[in-house]
Each structure stands twice: as C-alpha cells, then as structure tokens.
Visitor: 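Quick one: structure below, then a few questions.
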Amino acid sequence: MDYFIKDIVSILKNKIDLPEDEIKRQLEIPPDFKMGDYAFPCYSLSKALKKSPNVIASELAKTLHIRSPVVEIKATGPYLNFFLDKVIFSESVLKKMWDERERYGRNNIGADKTVVVDYSSPNIAKHLAVHHLRSALIGGAIYNIYSALGYNCVGINHLGDWGTQFGQLIVAYKKWGSEVIGKFCTVTDLNNLYVKFHQEAEKDPALEEEAREWFKRLETGDVEARKLWQNFKEASLKEFQKIYDMLGVHFDAFTGESFYNTMVEDTILEIKQKGLARLSEQALIVDLEPYNMPPCLLRKKDETTLYATRDIAAAEYRSKTYNFDKMIYVVGSEQKLHFKQVFKVLELMGYNWANYCVHVDFGLMKFKDGKMSTRKGKVVLLEDLLTEAVERIGKIIEEKNPSLENKDTVAKEVGIGAVIFADLSTKRNKDVIFNWDEVLNFEGETGPYVQYTHARLCSILRKYGKPVTADVNFKLLNEDETVVLIKSLWQFPSVILRAAESYESALICNYLIDVCGNLNRFYNTHRVLSDNEEITSARILLADATRQVIKNGLGLLGIHAPEQM
RNA sequence: GCGCCAGUAGCUCAGUUGGAUAGAGUAUCGGAUUUCUAAUCCGGUGGUCGAGGGUUCAAAUCCUUCCUGGCGCGCCA
C-alpha cells in the first residue's frame, strides 16, 4: 500500500467532512511535478460548505498541520497540493527497491488463488501467422502479471484440433497425400492438402460428404482416422513449439478440443437433465431468448457436436481439475457473443463459478486492404516476421556495435522483443492494421528503445565496477530530472495492479516508455560516474534501481533485457 | 435490420475512471557529444477530441440522436 497516501489522508481526515476511503479515492497526482506530489481537489466540499473550491483550498492550506513526510501544503486554485520531503521520499523508495530487487513490483494478493488462462489456441494443421500473435502475447503477459501478484497460474493452449476440417484433411491426405506419406509430414504439407481439398470440393461436392463421414469415424474412435489425425497434430505441435520458444510464451497444458471429446456426451446429458436443452430444426439447442441472445447450439442435425459444447465441457473439466478462482479466455472480440452464451449456459447449469469466467477480448489484426485468410494464402507467417526482425536488428548491430559479443543471441532478443513490444503496446480492444515498417521500427516508443536504455544502465554499472550500496547521501538526489525519475519508479507496483485488473498488458508498455524517457532525460543532463564519490554512489543506486524496474517490467511482457546491444 | 466495439495532430497511439494549460512517438524543420552506448536528448511546426444536442461548478471522458469504419447475429471455430 502506498504509505505516502496514508500520510496525506491522516493529515486531512479529521479536518474535512469526508470518509477516509473517499479522501483516498479523490487524491490525485498533479500533472506537473512542480505543483506537488499529491493533490486534493476541493470541488466536492464546495456544496456542503457553500464556498468556492478555491476559498476552501486556501483556507485548508492555512489550517492543516504539516507533519513529516509532508513539508508543505499549498493551495493552487481549487487544489490543495501536498509536497513531500524529497529526501525521505527518495530514501524510502530507493531503499525499498534495493531490498526487493527482482521482487520489486510483486505482490502476494493472489496467494492461494488459482487463475486459469486460456490463450493462443490456434487451429492445428495450419501455420502460425501474425494474427495469432495477439492472443499468445496478451495471454502470456497476463499469465506473467498474475504470477507476479502471487496467483497460481495455469496456462492452457486450447488447440483447435477437432472438427469437420479434420475429416477434410483425412480425405485429402488419402487421395493426394502419396508424395507426403511415409516421409516427414510438415504443416506446409498439411496446408497444401487443405487448400487442395477446397479446390477439388468445388468441382466435386461429394468430397464434402466423404469428409463428414471421416470426421464421424474420428469421433467414434476409428483406428485409422485416429492415427492420421495424431500425425497431423504432432507435426503441428512441433512447429508451434518452435515459435512459442522464440516468443517466450509458456503453457502448462496443451489440452485442445479433442481432449474434451469424451466428456461432451456427459455434458449434453447433464444439460438435458437440468431441463435446459431442446430440439429445434433437428439440432439440440439451449434457448437463450429470455436473455436476448440467440440460442446456443449443442449438437448439429448430423449428431456431431460444436465448439460451444466442447467449451462448456472444457470449463466443467477445468473447474473440477483446477478449482480456479478465475478463468480468463484470451480470444478475439469476434467471439464475444459466443462466450456470453457459454457463460450464460454455465450459469443456468447452476455453476456459481460461471461468474468468475472472463472473456478478455482483443481487436482483429488485418491488412490495409482487408482480412487475413489462411485459405487464400493471404497471411504473413510468424516465423517469417520474426526472422526478418532478427535479421534487421543483426544489421543494425553490425553497424553500431560491431565488437559486441553474442551478436546472434542479442539480435534474437532485440528483434523478437521489438515484435512483442509493438504488438502489446496497443490497448487490447483496438483493431490492428499490420504494417511491416511499424512493427520493424526500432526508434522511439519501441522495444529496442527500452532494451537500449537498460543496456546503457548496465554499461554504467559495469564501468563503475564496485558493489552498489544503498548507504548513500539521498540529499544529493534532488535535481528535477532525478526526482521525476524516482517518482516514476515508485509507480511500478500500482501499474502492475492496474494491468492485472484491466487485463491490459499495454499499461506495462506505456509505463516502461515513461520510465525510459525519464531515465534518458536524466542521463543527458547528469553524469553518473564522476570524481565525486558521494554523488556517484547515489546516482549509481538510482541507475541500478532503474535497471531493475526495466528488467522486471520487460520480464512481465516476456521480453529479454540484454546487458549489451 | 438488431447488438457490441472504435473514431483524439499528416500517420500510430496515450489521456490516472468527471478535474489544473488535451500529451507522446513517427514524419518534417532546426539544434546537442573532447566525458557513462546518438537505437539517445532538446526545440519548432502540427488539434472544431467524428457531428449535433443534453447533464453540472467542470466533459475527450456520462446520457441522447446522427455519421463513418470494424466485428457478430443457429448447424465453422
């Protein structure tokens, strides 16, 4: 908890007619640090006291008792501005950071609580493309953020490994896959077969019927169908894992839709027993008319189940298995209605945990001239994007720091970091138009900028060469640029909390940009290393604290923080 | 047609949940390094916050109508 806020509240609490919580809620941070450290707006007192807020503020400024760490209370218009003792402030902030180090920003509010996070969840037998980035990265960041708050997280990749398209793939494989059979089967092979199937099916509609039959065989456990499907899945997972490793995205389980196949019948039975299901146009549905929603389809007229059915079964399974306190689905906003329906059905089934399910939606990624589509081959493959980013960074390193060791590793960390940062820095709910130049821009508000700032700090610490100590003269950390920087470092824990509450990893990105801006301004106006040992050791402590915040922040986003670049 | 989301500088986006003078980056123009990595920093140019109406001490933020774009609306996922 922010103990400076507590100090301000305790000065105000018996002097104005508002409950403590309300005072705390109204306290703000002034737009300019020169105005003060905290501000209390006097508008809300205006009505009761029948005075203008300006008058109230200036009266309060005279009557309130100053008490450490507050050193000044000043009225500026309708605001009552509080100034903290700079020395006490920097000392307590930097000492806390020095004590906590890599734990700074962490919290234990989630101790003994479990959060299930469902993210990435691509369809197998297709390549991962740029539009798959958002779910994986946002989900991965949410996983890291909640872990940092002490939650026990379970990351699930709900693979799209079930459905009629696998019937299609089996048909295509059997008919045209001879050049592939017996050899190493890749996602590219599968993708070609998939395209081929759709081309042929236009000429010969009977193929669709054949595919439906094969999918039914798959659902009923036919050995041949099962074996082919298993091959498709293994080939896909192998390629996916390569990309996940590059992106630093981790999963605890790869339980895809097929995993719940055996549970689906029980789920349907249960929904029926609870009197929620009925037949409509030969399909089994849950009527959601009373909730102003279209019905939720459980079973098609050909008896096969649907996505929603499997999602309901999966939710039940996860509840039983993990007994979660929260379940987060990181899935595109085009599925908003789907999740509203699924959550409603779970609620109607009497599960109170349905209220702890959240759909964390995000906007689509598109090209300037329209949607991305695997079928039309209109995609940018993730692997190509990452390779390109790494190559371009490699060239920049060659040009700016040719003597750097581990060039390849650093190029990977920076190139991939740039892609991750670019994707995460836009707030979730905006649609994103994919643009090579934007993702591969390395100047300004970008990942490399943050990493570069970190590397410079590491460089200073390396040159310093001595152990860092928190036993410094804090009075020397009093310049404007220094104070602004320390204040921004102080915000880190609350930023993580806000990011968790709103499921917005972009807040971490924005915050890091802010910290780096403050650091670079500090860096350009003040020298850290000098003959003055007293000043040097104080600034070294600050440099080290900043380095630590950047590293911790990047870690939450899944981005490496190289020490040189 | 109905529902959800978005609209802020030429472009990409912030805006602390209704508060102080709407901010960054990019682009463009100009400037900063004998000293810690110039992937940096400083300054100039750039705004009817999509439009109208309403709510109040105060609206980019809330309510309403409209415009534009995106997505969704029963046998795909």
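Chain A is the first sequence line, chain B the second, and so forth, proteins listed ahead of strands; every chain is numbered from 1.
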Visitor: Select base, sugar-phosphate, or nothing to describe what R310(A) touches, counting heavy atoms under 4.0 Å on all strands.
Guide: sugar-phosphate
Visitor: Can you find a donor-acceptor pair, distance only, under 3.5 Å between T446(A) side chain and rG25(B) base?
Guide: no
Visitor: Does rU37(B) have OP1 or OP2 sitting under 4.0 Å from an N or O in the side chain of S459(A)?
Guide: yes
Visitor: Does atom CD of E289(A) have more than 12 heavy-atom neighbours from other groups under 6.0 Å away?
Guide: no
Visitor: Determine the contact category for K463(A): base if any of its heavy atoms lies under 4.0 Å from a base atom, sugar-phosphate if only primed atoms, P, OP1 or OP2 are that close, otherwise nothing.
Guide: sugar-phosphate
Visitor: Give Q335(A) one of three labels, base, sugar-phosphate or nothing, depending on what nucleic acid heavy atoms sit under 4.0 Å from its own.
Guide: base
Visitor: Which of residues 525-535 of chain A sit near RNA chain B, with a heavy atom under 4.0 Å from it?
Guide: H526(A), R527(A), V528(A), L529(A)
Visitor: Would you say rA39(B) has OP1 or OP2 under 4.0 Å from some side-chain N or O of Y452(A)?
Guide: yes
Visitor: So, is R462(A) close to the rU37(B) phosphate, meaning a side-chain N or O under 4.0 Å from OP1 or OP2?
Guide: no
Visitor: Categorize P41(A) for me: base, sugar-phosphate, or nothing, with a 4.0 angstrom heavy-atom threshold over every strand shown.
Guide: nothing
Visitor: Mind checking which stems touch RNA chain B? I mean at least 3 consecutive Watson-Crick or G-U pairs, both distances under 3.5 Å.
Guide: B:1-7 with B:67-73, B:10-13 with B:23-26, B:28-32 with B:40-44, B:50-54 with B:62-66
Visitor: Side chain of K366(A): nearest nucleotide among rU37(B), rG15(B), rG70(B)?
Guide: rG70(B)
Visitor: If you draw a 6.0 Å radius around NZ in K340(A), do more than 12 non-hydrogen atoms from other residues or ligands fall strictly inside?
Guide: no
Visitor: From the set rG74(B), rA77(B), rC73(B), return the single nucleotide nearest to any side-chain atom of E281(A).
Guide: rG74(B)
Visitor: Hey, what's the ring geometry for F339(A) with F343(A), parallel, tilted or perpendicular (30° and 60° as the breaks)?
Guide: tilted
Visitor: Considering every strand and a 4.0 Å limit on heavy-atom distances, what is the contact class for T304(A): base, sugar-phosphate, or nothing?
Guide: nothing
Visitor: For a quick test of reading the model: is some side-chain N or O of K427(A) closer than 4.0 Å to OP1 or OP2 of rA6(B)?
Guide: no
Visitor: Examine rA6(B): is either OP1 or OP2 under 4.0 Å from a nitrogen or oxygen in the side chain of K430(A)? Give yes or no.
Guide: no
Visitor: Any chance you could list the contact pattern along nucleotides 41-47 of chain B? Use B for base contacts, S for sugar-phosphate-only contacts and - for none, protein heavy atoms under 4.0 Å, 5' to 3'.
Guide: SS-----
Visitor: Look at the side chain of N401(A) and decide which nucleotide, out of rA39(B), rA20(B), rU37(B), has an atom nearest to it.
Guide: rU37(B)
Visitor: Output the single nucleotide from rA39(B), rA20(B), rA77(B) whose closest atom is nearest the side chain of A39(A).
Guide: rA20(B)
